[in-house]
S.K.: 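Before anything else, here's the structure in question.
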Amino acid sequence: MIFVEIISWIFIFTGALLGIAGGIGIHRFPDFYSRLHAVGITDTMCAGCFIIGLCLQTGFTIASLKLLLIFVFLFFSCPTATHALADTAMLSGLKARLDKEQ
Amino acid sequence: MIFTVATFAILVTISLGLARALMGPTVYDRILAVNMVGTKTVLLIAVFAVLSGRTNMIDIALTYALINLVGVVAVLKFVEQGNFYTDGEDD
Amino acid sequence: MSYTVKHNISLTVLLFALWFGLSGLFDVLMLSLGIASTLLVVYFSYRMDTIDRQKHPARLTLQLLRFWLFLSREVISANIDVVRRIFRPGKNISPQLFQLPMTKKTDLARVIYANSITLTPGTVCVKVNRKAITVHSLSKESADDLRSGRMADAVPEDERDEET
């Protein structure tokens, strides 16, 4: 059982690191559209690593089923929210800072 | 131990997101940061539920994950139109 | 009509499984209340005419599972790439805004395609319509990867659905 514990710790730790990386990313990237990608990290893999780690902690119970449901909801709702944000920003005329030498 | 690390990391991420929400030059940066804070709150509640052994609290995280999307879309609609009651075509 | 019946039944089973997973109760009273609420929701969605082949794609299930495996691999590699770019000092990104031709014929496949583009960090779908997708990408490499059409080919699509 200590083996499962260690794997779940690795997952939770990876998720924590990815979350902080995404948090740094939204301060490091220069404009709104590139910050969307930094938030994409915290929405996808950070959440996924946390949920897998917590599922390994709870074992095969109804709690792990609910955790997986949270992951499924995030999996469907996060791209929708991100797309709504990007679409609205583009519609309102916010210019993206693009690479010059293309 | 690992839960302390996880909670601390989530709180650091939330504070970074809040800083962006306060600084953000455009209103969309702020909404983006709030969206991220919402996602991290879901994870924070889930971690706390498993940490304290009260797995019923995962239901709250589940509900929060749903409300987060509706909230972001509602705020976007409000920012874009200035109200909630038109569908964006008149005035 | 037979499609509608089949989809009603599968939607009922799915909703009841969801209710049971969320509550986890075995009482007779609670179970009957759960069945009643499930039937009520199915009746409402039947009245609202929201059950059809695209909104409840029972036939695509196997292909969708294979696509999700592909998508999770893509998401993991894209995550590693974006994290590297965050911590690389100096000029680390080269944002692009470009258009992709829409090769999908049905609304469901279009939604899956655009959503998977957005879900992959490094590329965000900004605008989508029947002819093209406008994508903002963080780097030239991920833009070229999308232009190669690898993800568009992986998106499952039911050819028997009518074009919209």
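Reminder, nothing fancy here: chain letters follow the sequence lines and each chain counts from 1.
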S.K.: Give me the one residue out of Ile51(A), Leu54(A), Ile6(A), Ile52(A) that meets side-chain contact (heavy atoms from CB on, under 4.5 Å) with Phe11(A).
M.R.: Ile52(A)
S.K.: Is a donor on one side and an acceptor on the other found under 3.5 Å between the side chain of Thr44(A) and the backbone of Gly40(A)?
M.R.: yes
S.K.: Report yes or no: does Arg20(B) contribute a side-chain atom to a donor-acceptor pair with the main-chain N or O of Ile26(A) at less than 3.5 Å?
M.R.: yes
S.K.: Would you mind checking which part of Val75(B) comes under 4.5 Å of any heavy atom in chain A, side chain (CB onward), backbone (N, CA, C, O), both or neither?
M.R.: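 Contact with chain A is absent: no heavy atom of Val75(B) under 4.5 Å.
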S.K.: Heavy-atom pairs under 4.5 Å with chain A: which of Val73(B), Val72(B), Ile31(B), Leu43(B) has the most?
M.R.: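 Looking at each of Val73(B), Val72(B), Ile31(B), Leu43(B) in turn, Leu43(B) comes out on top.
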S.K.: Name the region of Ile12(A), side chain, backbone, both or neither, that has any atom closer than 4.5 Å to a heavy atom of chain B.
M.R.: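 For Ile12(A), side-chain heavy atoms alone lie under 4.5 Å from chain B.
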S.K.: By a 4.5 Å heavy-atom criterion (distance strictly below it), what part of Leu69(B) contacts chain A: side chain, backbone, both, or neither?
M.R.: side chain
S.K.: Would you say Arg30(B)'s side chain and Leu22(B)'s backbone share a donor-acceptor pair under 3.5 angstrom?
M.R.: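 Flag set: sc Arg30(B) to bb Leu22(B) pair under 3.5 Å.
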S.K.: Measure Leu51(B) against the heavy atoms of chain A and call it side chain, backbone, both or neither at under 4.5 Å.
M.R.: neither
S.K.: For Leu32(B), is it the side chain, the backbone, both or neither that has a heavy atom under 4.5 Å from a heavy atom of chain A?
M.R.: both
S.K.: Quick check against the 3.5 Å criterion: does Tyr33(A) have a side-chain atom that pairs as donor or acceptor with the backbone of Met90(A)?
M.R.: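 Checked: pair present.
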S.K.: Go through the atoms of Leu74(A) and report whether side chain, backbone, both or neither lie under 4.5 Å from a heavy atom of chain B.
M.R.: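 The side chain, not the backbone.
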S.K.: With a 4.5 angstrom heavy-atom cut-off, could you sort out which part of Leu36(A) is near chain B: side chain, backbone, both or neither?
M.R.: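 Both backbone and side chain.
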S.K.: Scan side-chain atoms only and decide if Gln57(A) and Ser8(A) contain a donor-acceptor pair under the 3.5 Å cut-off.
M.R.: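 The answer is yes; a qualifying pair exists.
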S.K.: Considering only heavy atoms, which portion of Asn35(B) lies under 4.5 Å from any heavy atom of chain A: side chain, backbone, both, or neither?
M.R.: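 Contact with chain A involves the side chain of Asn35(B) alone.
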S.K.: Is it the backbone or the side chain of Phe73(A) that comes under 4.5 Å from a heavy atom of chain B, or both, or neither?
M.R.: side chain
S.K.: Heavy-atom cut-off 4.5 Å, strictly under: side chain, backbone, both or neither for Ala19(B) against chain A?
M.R.: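 Contact with chain A is through both the backbone and side chain of Ala19(B).
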S.K.: Heavy atoms, side chains only, cut-off 4.5 Å: are Val50(B) and Phe3(B) in contact?
M.R.: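 Contact flag for Val50(B)/Phe3(B) side chains = yes.
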